[in-house]
Amino acid sequence: MSTSTQAAIIADLESRRLIAQVAGGEELRRHLAGACRTLYCGFDPTAESLHIGNLLPLLALRRFQLAGHRPIALVGGATGLIGDPSFKDAERKLNPAATIEGWAERIKPQLARFLDFDRGEGAALLVNNLDWTQGCDVLDFLRDVGKHFSVNSMIQKESVRQRIGREGEGISYTEFSYMILQSFDFAELHRRHGCTLQVGGSDQWGNITAGIDLTRRLHRQQVYGLTFPLITKSDGSKFGKTESGTIWLDPAKTSPYAFYQFWRNAADADAGNFLRYFTFLPIAEIGEIERADAESQSRPQAQGILARETTALVHGEQGLAAARRITEALFSGNVADLTAEDLRQLELDGLPCTAVTAQTALLDVLVESGLARSRRIARELVASGAVSVNDQTQSSANGDEPLPPDLALHRDYYIIRRGKKNFHLAKLN
RNA sequence: GGAGGGGUUCCCGAGUGGCCAAAGGGAUCAGACUGUAAAUCUGACGCGCAAGCUUCGGUGGUUCAAAUCCACCCCCCUCCA
């Protein structure tokens, strides 16, 4: 690995607009040049799977590794027990320790998937901060670590200020201590593995700088920090959520098809940035895509490329193939052309499927499939012409009728559609 | 422990005895226009085909009638100790 590559990581991140804040500035750039450095990013187990909000830092670790550095993915088995209060407007309820532990175990392989653990001096590491926090003696911790923190400066941090200053919500001592734990992680990773850089979302700035301070005080060593920008959407809505909720990385929770569709539906104004943030395409190529889309009067290419790249990254070529098969079948084809095999494959590929009988009324199919929340809503949808079965728009008259048997594709399947892009398979049995 | 302020439909937030399934905003859904985009416009948004039924932290009470009044309880916030 050449020197220039290792140093170029910062320029690459800059060109992708991935740098929000840097602790160390020019010094960090020099530090990264010419040697394989160790950096880390933490991921708390707050659910049974990571979600696309975690994708940006995860991919960044990979970018650093590709540039010749050594990434450490940290699972917050300990910090997950406490809960990060940063920019959260309310105290969160504690989950049982066993739950957190289970989540941590499920998250590990998701982290591992993006990193290379067999790469000589740059080989990635997967650690759990529970390993050095669990047996920690309270008195020792307060004396050796706590003494380095000033509550005065802790309450100044922007990340917790709203919880302390404003009316409405307070902050427990538990959550307030989170910063100390995360700081200790950084210092400990420096001691154990020579880690000199922590990266994270910009909401982590306060925790990262606190860790830099602690490492200096504890080990008299200069370490660095770098944060990524908060991902925003052009319309101001929250990134990473859809009607159906969070976009997870676990294919059992968000199918590759749903994942693909999420990206495919990115707004024009966001697509370019998302390509920079979430793919490894060269920056010049991304610029070219943007230029072409801006000039062309027809449908843009960016979203399709974005969806293919990200889906392949997270779900592999097989997942991508499945996602594209479903997309092809539903959006560009004539469903009548689908073979029995195709339909079976759609079900296997993860298109949601519900079993129905020859007696189930359309309204009930809509409710059972989750396409409508209640029969009353289902009725409304049908009345407004939002529901189609095998490409045939249904009218109110059909609501209480079962799906006509002669309409079943290959005697077995119906493709139920609500609105423009919500599809569901109904299987006759 | 003391004093004060609160808990309303997914969220924010009005409502202080009937006109309340409950204002307004947001989110969401659908339709129109499009390109599976954005913006815009229209409609829906507790459950029910309907009659009607079930909601306003919990329980019990007052009343012809309660989200609104009373009692007790639970939870949250602020300040003091």
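So you know, we letter chains A, B, ... as the sequences are listed, proteins then strands, and number each from 1.
Counting only distance, with no hydrogens or angles, the side chain of T99(A) and the backbone of N95(A) share no donor-acceptor pair below 3.5 Å.
For a distance-only test at 3.5 Å, the side chain of Q261(A) qualifies as a donor-acceptor partner of the base of U36(B).
Comparing G385(A) and Q297(A), the nucleotide of RNA chain B nearest to each residue sits closer to the 5' end for G385(A). Taking for each of K420(A) and A266(A) the nucleotide of RNA chain B with the nearest heavy atom, the 5'-most of the two is the partner of K420(A).
For C56(B) and G7(B), the P atoms lie 14 Å apart once the distance is rounded to whole Å. With C1' as the reference atom, A14(B) and G58(B) are 24 Å apart, rounded to whole Å. Taking the P atoms as reference points, G1(B) lies 35 Å from A66(B), given to the whole Å. If you take atom C1' in A22(B) and the same atom in A32(B), they sit 31 Å apart, rounded to whole Å. Only the P atoms considered, C10(B) is 40 Å distant from A81(B), to the nearest whole Å. On the P atoms, U55(B) is 50 Å away from G35(B), given to the nearest whole Å. Across the P atoms, U9(B) and A67(B) are found 14 Å apart, a figure rounded to whole Å. Rounded to whole Å, the separation between the P atoms of G4(B) and C72(B) comes to 15 Å.
The side chain of A386(A) lies closest to G31(B) when the candidates are U36(B), G31(B), A37(B). With G35(B), A30(B), U36(B) as the candidates, the nucleotide lying closest to the side chain of N265(A) is U36(B).
Note on A269(A): nothing from the nucleic acid sits closer than 4.0 angstrom, heavy atoms only.
Residue I415(A) contributes atom CD1, which lies 17 Å from atom P of U36(B) at whole-angstrom precision. At whole-Å resolution of the value, CG in D268(A) and C1' in U34(B) are 11 Å apart.
When all heavy atoms of P57(A) and C41(A) are compared, the pair lying nearest together is CB-SG, 3.7 Å.
Screening residues 384-427 of chain A for ring pair (Phe, Tyr, Trp, His ring centres under 6.0 Å), with sequence neighbours left out, gives F331(A)-F423(A).
Side-chain N/O atoms of D84(A) and Q204(A) include a donor and acceptor closer than 3.5 Å.
The side chain of K421(A) contributes an N or O atom lying less than 4.0 Å from OP1 or OP2 of A37(B).
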Checking T360(A) against E368(A) for the side-chain hydrogen bond (donor to acceptor under 3.5 Å, both in side chains) test, could you report, in this order, the C-alpha distance in whole Å, the side-chain angles of both residues, the deciding distance, and whether it holds? CA-CA 10 Å; T360(A) 318; E368(A) 280 167 32; 5.3 Å; no
What one-letter contact string describes nucleotides 44-57 of chain B from 5' to 3', where B marks a base within less than 4.0 Å of any protein heavy atom, S marks contact via sugar-phosphate atoms alone, and - marks no contact? SS-BBS--------
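In this structure A37(B) sits in no base pair that meets the Watson-Crick or G-U test at under 3.5 Å.
The pair D364(A)-R375(A) meets the salt-bridge criterion, since a charged nitrogen lies less than 4.0 angstrom from a carboxylate oxygen. The residues E347(A) and R344(A) are annotated as not salt-bridged, no charged nitrogen and carboxylate oxygen being separated by less than 4.0 angstrom.
Ring-plane geometry between Y277(A) and F274(A) is classed as tilted, the angle between the planes lying from 30 to 60 degrees on a 0 to 90 degree scale.
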